[in-house]
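Report on one structure; see the data block that follows.
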Amino acid sequence: MNLPYSEELNINYLGRLFDNTSECYKFFWFKAIVKKVIDDQLDISYDELVDEMIVDAFYMVSEFYLNLGPNDTLEKIVHRIREINSELKPNSKKRDIYEFLKQTEDKQVLKLKKTLTLNVPYRLQAPFFPDMKGDAWKNGQTKLIERINNYNHLIYYFDSLAGLKTIIHVQEDWARYIKNNQEIIQGWLEYNMIIYLQKRNPSVPGISDKLYPPMERKLQKIKKFWDMILAFNPVKDIYSEKALTEKNISIDHFVPWSYVAHDEMWNLNPTFKEINSSKSNNLPDWDIYFKRLADQEFYVYQMIWKYDQIHYAFEKCSREYINNDDVRFKLYRDGLNQNEFSNELESILLPVYQSAKNCGF
């Protein structure tokens with residue numbers, strides 16, 4: 001992906017920021033700088049940038065269970081925050097996480113925040129000073145700052161070292177370039193982050209949907225479909241085994257959306273709102289709940305082929321919520337008995353379930 005050309009700036013160096021990326025920190029550090037620049041802030045403290053990094057990583061780690069890297073400090077901070085503050089949930093608002101970071105006096109969190117500033121502020125701009133090699137990087141942060149500040153046309157420069165209060169100054173020409181090309185730069189950054197994260201999480205689907213806080217799922221059409229089913233006959237909730245009514249149902253992802261990152265119909269079932277809320281992104285026990293799910297889904301399958309009204313509603317719904325023709329044929333073709341249907345559903349759902357379980361869900 002090419003970045004926009006500039007006659008004033010060395011875009012080739014900018015395009016090489018992530019050439020040597022064995023850890024995730026460069027992505028999060030630069031993303032934090034871009035966000036601040038877009039908000040017209042050019043003098044930024046280490047503390048502010050590290051807080052941005054933590055907030056960005058919070059959802060990836062706590063909600064989506066992504067692996068950011070071996071022995072990753074950002075992961076450690078997120079886990080520590082969840083450990084000491086039970087009020088912060090995986091889907092908490094950004095403002096609540098920021099507020100916690102501003103107020104916390106937890107020694108471990110503060111120590112880990114400082115750890116994040118040991119290398120990435122200096123290493124990010126390495127393409128801009130190719131003559132710095134080997135031991136030149138090992139002379140301590142103060143000497144690094146002094147040496148780096150002597151180079152021309154960098155994205156940012158440093159105040160004297162003051163721990164997390166150290167200030168970087170983003171240059172105005174680079175700030176203009178970033179603001180004028182912000183959509184392309186953000187797309188380029190996301191593209192590189194996705195490549196990195198996919199390598200670290202090879203069995204995880206939907207990485208591109210897991211770079212940001214979880215959004216509310218738009219499942220109104222599925223809910224209307226289930227409302228129609230319930231209007232014909234009651235259906236039991238698979239978790240409580242109580243009869244559902246169309247007045248109080250919520251659509252649940254059997255394997256959590258936080259893993260699958262899709263709304264495929266074969267992974268959706270109605271439940272009570274309070275149960276869906278308490279289930280959160282936990283995996284249900286396969287040995288207990290799969291048979292109940294299969295029975296519920298087979299009942300709906302029978303209704304689809306018995307009533308024209310439900311068949312029409314299913315066809316309309318399936319255009320959006322069944323996106324694989326092979327799955328559609330295996331699971332929703334006419335003429336299946338209950339055992340055949342259950343086996344087909346298991347062949348589709350079990351590998352996804354097992355993969356999610358292997359990822360820590």
Side-chain angles (χ1 to χ4, degrees), residues 1-3 6 8-34 36-37 42-54 56-57 67-77 110-171 173-175 177-178 185 188-189 191-201:
M1 184 175 181
N2 294 325
L3 292 168
S6 171
E8 302 171 348
L9 305 170
N10 194 323
I11 304 306
N12 180 53
Y13 287 162
L14 176 65
R16 291 175 51 207
L17 289 187
F18 310 124
D19 278 4
N20 299 304
T21 308
S22 58
E23 303 288 348
C24 70
Y25 311 125
K26 289 182 181 179
F27 300 111
F28 287 93
W29 180 263
F30 185 64
K31 185 179 179 183
I33 291 173
V34 169
K36 293 296 186 182
V37 168
L42 304 189
D43 296 336
I44 320 164
S45 70
Y46 281 9
D47 197 39
E48 291 172 296
L49 291 171
V50 169
D51 283 356
E52 290 287 346
M53 294 169 70
I54 295 168
D56 270 340
N67 169 28
L68 302 185
N71 202 31
D72 186 86
T73 301
L74 275 172
E75 281 192 38
K76 289 180 181 178
I77 292 177
L110 295 176
K111 181 181 178 181
L112 290 170
K113 285 178 68 172
K114 290 177 182 176
T115 300
L116 287 171
T117 68
L118 295 179
N119 293 298
V120 68
Y122 321 110
R123 293 278 187 175
L124 177 73
Q125 296 192 98
F128 287 81
F129 23 88
D131 58 316
M132 282 184 60
K133 301 182 184 296
D135 291 340
W137 292 99
K138 300 178 182 179
N139 292 326
Q141 289 175 294
T142 299
K143 289 186 177 180
L144 265 178
I145 283 174
E146 291 174 355
R147 181 165 181 177
I148 290 172
N149 280 347
N150 286 321
Y151 284 87
N152 295 320
H153 308 300
L154 300 185
I155 300 172
Y156 57 87
Y157 292 86
F158 302 87
D159 268 354
S160 58
L161 190 66
L164 288 171
K165 294 182 180 179
T166 304
I167 302 291
I168 69 165
H169 303 283
V170 179
Q171 298 306 286
D173 49 2
W174 278 106
Y177 177 84
I178 289 170
I185 291 172
W188 168 75
L189 177 55
Y191 171 76
N192 281 280
M193 286 188 76
I194 290 167
I195 291 174
Y196 172 85
L197 290 169
Q198 195 66 74
K199 288 179 180 178
R200 294 293 184 194
N201 303 269

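Worth saying up front: this structure is predicted, and the values here are computed from it rather than measured.
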Using only atom types and a distance under 3.5 Å, with no angle test, would you say the side chain of [X] pairs donor to acceptor with the backbone of [Y]?
X: Trp137; Y: Leu144; value: no
X: Gln171; Y: His169; value: yes
X: Tyr196; Y: Cys24; value: yes
X: Lys26; Y: Glu23; value: no
X: Asp72; Y: Asn67; value: no

Are the aromatic rings of Phe128 and Tyr151 close, with centres under 6.0 Å apart?
no

Take a 6.0 Å sphere around CG of Asp19 and say whether it holds more than 12 heavy atoms from other residues, nucleotides or ligands.
yes

Inspect the surroundings of CG in Asn12 and state if more than 12 heavy atoms from other residues, nucleotides or ligands are less than 6.0 Å away.
yes

Describe, in one word, how the ring planes of Tyr46 and Trp29 are oriented to each other, choosing from parallel (under 30°), tilted (30 to 60°) and perpendicular (over 60°).
perpendicular

Which of Ile148, Ile44, Leu124 passes side-chain contact (heavy atoms from CB on, under 4.5 Å) with Tyr156? Answer is Leu124

Mind checking whether Val37 and Tyr177 have side chains closer than 4.5 Å, heavy atoms only?
no

Does the side chain of Lys113 come within less than 4.5 Å of Asp47's, by heavy atoms?
yes

Start with the C-alpha distance between Met193 and Phe28, add both sets of side-chain angles, then the distance that settles side chain to side chain contact (heavy atoms under 4.5 Å, CB included), and finish with yes or no.
CA-CA 9 Å; Met193 286 188 76; Phe28 287 93; 3.9 Å; yes

